[in-house]
2 protein chains.
Amino acid sequence: MKEYSIGQLSKQCDVKVPTIRYYEEIALLDPPGRTAGGQRRYPPSALERLSMIAHARDLGFSIDAIREFIRMSNHPTAPCVDLDKITEKHLNDVKKRIKKLQALETELTAMLKSCDHGQVADCRILQVLSDHDQCQTQH
Amino acid sequence: MKEYSIGQLSKQCDVKVPTIRYYEEIALLDPPGRTAGGQRRYPPSALERLSMIAHARDLGFSIDAIREFIRMSNHPTAPCVDLDKITEKHLNDVKKRIKKLQALETELTAMLKSCDHGQVADCRILQVLSDHDQCQTQH
DNA sequence: TCCAATACCTCCAAAGACTAGAGCATTTTA
DNA sequence: TAAAATGCTCTAGTCTTTGGAGGTATTGGA
């Protein structure tokens, strides 16, 4: 039942203190309890919530997408019809990201390999990322 | 040898016109030629460049990371030592992203499945994204 | 060829997501 | 219990992107 100060939360999740307060302001984080002196004290669950937000942001999800993740997570018992489309949308998005990243991984690995051999890579990072559909189908 | 106006580029790459001008301002895009009247005219290569920027941004890469991709791509013949660390750093980053996204994919798929069966998912989207190392090792 | 309609130009401002600092209060720890 | 560390609010700034105002180019018909 330990409680965390905002600074401890910040260190644990690698999120700057003002950013945590900002997330509270835009209602991504529930307002935590306060000490008699007015300082924030977070329950352990806030740690998980915040680090999920940080990772999702890092992966390129918008604040709104994260809001949807949170809503989905908070209402696993909600009518399926409501969740179905949102889930599917995000799943498609995630699959696309994975594909692009895997293509990028291939290219970066190839660059490293040709480096190993002292050879010059015909660098295709840009082409891989530019995603004319060849990239998806021809690799 | 066709040339594109900024509007055509915008449509093709799904990047807003002011955003294209902004990318030029911060030197992510080379300043294109101009007509006698002062309007921008882009070579076909700009199309590829811009769409790579758009995709990389979408995947969550920072402007600086993209600058590095461009630099790497522009100098495939540069000394390997210079590129090696940068490449490896990005490769690690890409691998981490892929892992996180795959975990997320698993969870979203599970949600959809339990929806199919009219059952209630024990939704773990948040936990998956919060990435205490269990997620990497226990799945 | 001329003339709307459309697209473009620059410049300025604002929105979204943070980040930093000033000035003061609370907590911790030596 | 006093000094150091951390926290509070509020304001202002950055970065990336988007929108609008006011004016100029380009273009597709008549």
Side-chain angles (χ1 to χ4, degrees), chain A residues 1-44 46-47 49-71 93 129, chain B residues 1-43 46-47 49-70 97 129:
Chain A
M1 281 294 142
K2 221 209 140 207
E3 300 220 300
Y4 300 87
S5 72
I6 199 168
Q8 292 170 322
L9 203 59
S10 167
K11 252 177 219 138
Q12 299 258 346
C13 300
D14 198 28
V15 173
K16 302 233 165 41
V17 167
T19 305
I20 298 175
R21 292 198 272 249
Y22 171 71
Y23 285 158
E24 180 183 332
E25 194 184 312
I26 63 171
L28 266 195
L29 289 178
D30 296 331
R34 301 274 184 142
T35 63
Q39 300 197 353
R40 290 169 178 81
R41 284 301 116 95
Y42 294 91
L47 219 143
R49 164 71 63 96
L50 179 56
S51 94
M52 109 77 179
I53 294 171
H55 285 290
R57 290 295 293 137
D58 181 52
L59 287 171
F61 291 100
S62 70
I63 298 280
D64 279 347
I66 294 171
R67 260 191 242 284
E68 275 184 3
F69 284 143
I70 291 172
R71 214 174 328 128
D93 186 35
L129 276 171
Chain B
M1 280 296 140
K2 220 212 143 203
E3 299 219 301
Y4 299 88
S5 72
I6 198 168
Q8 291 170 323
L9 203 59
S10 167
K11 252 177 220 137
Q12 299 258 347
C13 299
D14 198 27
V15 172
K16 302 241 163 35
V17 168
T19 306
I20 297 176
R21 293 198 272 248
Y22 171 70
Y23 287 158
E24 180 183 332
E25 194 184 312
I26 64 170
L28 268 193
L29 289 177
D30 297 331
R34 301 271 184 143
T35 63
Q39 301 197 352
R40 292 168 177 81
R41 285 300 116 97
Y42 295 91
L47 220 142
R49 164 72 61 97
L50 178 56
S51 95
M52 109 78 179
I53 293 171
H55 285 289
R57 291 296 290 140
D58 182 51
L59 287 170
F61 290 101
S62 70
I63 298 278
D64 280 346
I66 294 171
R67 261 191 243 282
E68 274 183 3
F69 285 142
I70 292 172
R97 283 164 198 262
L129 276 170

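These numbers come from the heavy atoms of this one structure, side chains and all, not from hydrogens, waters or symmetry mates. Chain identifiers are assigned alphabetically (A, B, ...) following the order of the sequence lines, protein sequences preceding nucleic acid strands; residue numbering begins at 1 within each chain. In this text the structure is predicted, and so the values were computed from the model without any measurement.
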TODO: Give the minimum heavy-atom separation between A:Glu3 and A:Gln8, together with the two atoms involved.
DONE: O-OE1, 3.9 Å
- [ ] Rounded to the nearest angstrom, tell me the gap between atom CD in B:Glu25 and atom P in D:dT16.
- [x] 11 Å
- [ ] Apply side-chain contact (heavy atoms from CB on, under 4.5 Å) to B:Asp14 and list each qualifying residue two or more places apart in sequence or on a separate chain.
- [x] none
Task: Interatomic distance, B:Arg41 CZ vs D:dT27 C1' [rounded to whole Å] - done: 11 Å
TODO: Using atom CZ of A:Arg34 as one end and atom C1' of C:dA25 as the other, report the distance to the nearest whole Å.
DONE: 13 Å
Exercise answer: donor-acceptor pairs, residues 57-65 of chain A side-chain atoms, under 3.5 Å, sequence neighbours excluded:
from, atom 1, to, atom 2, distance (Å)
A:Arg57, NH1, A:Phe61, O, 2.6
A:Ser62, OG, A:Asp64, N, 3.4
A:Ser62, OG, A:Ala65, N, 3.0

Task: Separation of atom CD in B:Gln8 from atom P in C:dT6, rounded to whole Å - done: 16 Å
Open item on the list: Expressed as a whole number of angstroms, how long is the span from B:Glu3:CD to D:dT26:C1'?
Closed with: 14 Å
- [ ] With heavy atoms under 4.0 Å as the rule, sort B:Arg40 into base, sugar-phosphate or nothing.
- [x] sugar-phosphate
Enumerate the protein-to-nucleotides 23-25 of chain D contacts in which both atoms are nitrogen or oxygen and the separation is below 3.5 Å.
from, atom 1, to, atom 2, distance (Å)
D:dA25, O4', B:Gln39, NE2, 3.3

Filtered N/O pairs between nucleotides 17-20 of chain C and protein, under 3.5 Å:
from, atom 1, to, atom 2, distance (Å)
C:dC18, OP2, A:Tyr23, OH, 3.0
C:dC18, OP2, A:Arg57, NE, 3.0
C:dC18, O5', A:Tyr23, OH, 3.2
C:dT19, OP2, A:Thr19, OG1, 2.8

TODO: Quickly work out the B:Lys11 NZ to C:dC8 C1' distance and round it to whole Å.
DONE: 13 Å
- [ ] Report the distance from atom OH of A:Tyr4 to atom P of D:dT6, rounded to the nearest whole Å.
- [x] 18 Å
Donor-acceptor list for residues 18-37 of chain B side chains, cut-off 3.5 Å, not counting sequence neighbours:
from, atom 1, to, atom 2, distance (Å)
B:Glu24, OE1, B:Arg40, NE, 2.8
B:Arg34, NH1, B:Gly38, O, 2.8
B:Thr35, OG1, B:Gly37, N, 3.3
B:Thr35, OG1, B:Gly38, N, 3.3
B:Thr35, OG1, B:Gln39, N, 3.0

